[in-house]
Amino acid sequence: MSQESHLTPIADGLFAWLPDEPGAWGLANCGLLVSGGQAALIDTPYDLPHTHALLDACARVLGPEARIGTAITTHSNGDHSYGLAALTDVEIIGTEDYLHALEHEPTPQQMHHLVHETPQDQPTAWYLRRHFGRFHFEDLTLVAPTRTFSGQLDLRVGAAEVRLTQAGPAHTDGDLWVHLPQHGVVFTGDLAFAGDHPVHWAGPLDNVIDACLSILATGATVIVPGHGPLMTRDDLRAHIDYLGWVRDQARKLHAQGVPAANAALHLIESGHYPELGLPERLAITLSTEYRHLEGETETPNLVALVDAAARIALGRENARVPGPRTSTEGSRLTPPAQA
Ligand SMILES: [Zn+2]
C-alpha cells in the first residue's frame, strides 16, 4: 500500500493523510475527524485522482454509518483545496480572507497550461513540470468556502470540539489552523512545514512565527504540518527558530542591498539547514519578506516568484550533472533531459 492510499491514526477518531515525499511540491497533508456518526475533512489533495484515493480511504474508516458533512480548508493554495471539487453536499469552511486570496490563486486551467502546455526551454516551465507534472488539473473547477469567518470559530463534529483560528496574512492572505483540544492535535496548514524549506507567499514572517507560537501555546502534542511528517513540540520549536533565522537574515541582507534571489543563494551556500529539501524556495520567502521591508502592498506575481526559485534549482541541478554548465543569470538555460 502506498503512502498516498491510507490514513494514519493519530488519536481516537482522528486520522492523518501523510503523502510524505521529501523534496516535492504539492503533496499536502490532510486530516479526517470522526465522532458520533459525523465526520470532517481537513484539506483536500491537489487533483481528483489523489482526492478520490483519500475519499476511498475515508470510506474504509467511516463505514456505511458516517458521512463527511464538513470540509475545513486551511488556505487557498490548490494543493490544499483543488480537491474540494470532488465533494458534494458538504459545508466548506474557510476564513473570510480566503475569498480574497482565491482571487490571486492560479485556476486549475492556468496550472494545467503552465505545467503541461508551456514549452520546456525556460526554467519556470521546467521547474513546474518537474514538480507538478504528476497532477491532473484539466478537469477541476475552483470551489470556494460556503461558510467563512474571521478571528476564531468553534465547531462540534459529533462530540469532538474543533477550534479554527485565523492566522494571516502569513503563508497566504487567508490561513487558518485547526486545534482539536480533546485530541491534543493541531493541523497547521502551511504555517509549518517538515522536511523541506517552507515557502511563504504573503508574510511577513513575524505573522507565521506568531501563528506557530500560538499553536505551541495550545499545549498540543501532535502537530500535523502542511507537508512532511508529523511534528513534535520540539520540532515546531526548531521550526520557529528556523523562521526567525530567515527573518533576521532577510533584514540583514536587505539592509546591505543584496537582491532577494542573491540573498537566497547566499543562505543556501552558507550551509545552514542542509537537511531540508527545496532550498530554492528561500528565493520566494525572502522576496516576500523584502516586500514587507519595502512597504509594498501590491499582490506579487506568483509566476515571477517561482521563476526566481526555478533558476536557482536549475543552476544547482546543472552543477550536479556532468557536461557543460549553464548560467542561472543568462537567457539560454538548458533544462536537463530528465525533468
Ligand atoms: Zn501546501
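Given the structure is predicted, the values throughout are model-derived calculations rather than measurements. All ligand and atom numbering here is 1-based and tracks the order in the structure.
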Note to self: How large, to 10°, is the angle at the Zn ion (ligand 1) when you draw lines to NE2 on His80 and to NE2 on His227?
What the structure shows: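 About 100° at the Zn ion (ligand 1).
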
Check: Looking at Asp190, which of its N, O or S atoms is the nearest one to the Zn ion (ligand 1)?
Finding: OD2

Item checked: Nearest to the Zn ion (ligand 1) - the N/O/S atom of Asp79, by atom name -> OD2

Note to self: For Asp206, give me all partners under side chain to side chain contact (heavy atoms under 4.5 Å, CB included), at least two apart in sequence or on another chain.
What the structure shows: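 Expected list: Ile209, Arg247, Arg251.
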
Check: If you look at every heavy atom in Asp196 and Ala24, which pair is closest and at what distance?
Finding: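 Closest pair (atom of Asp196, atom of Ala24, distance): OD2-N, 4.0 Å.
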
Notebook entry, point to check: Would you call Asp307-Arg311 a salt bridge at under 4.0 Å N-O?
Noted result: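 Judged by the 4.0 Å cut-off on N to carboxylate O distance, Asp307 and Arg311 do form a salt bridge.
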
Item checked: Residue pair Leu114, Phe132: steps toward the side-chain contact (heavy atoms from CB on, under 4.5 Å) verdict -> CA-CA 10 Å; Leu114 284 168; Phe132 301 101; over 6 Å; no

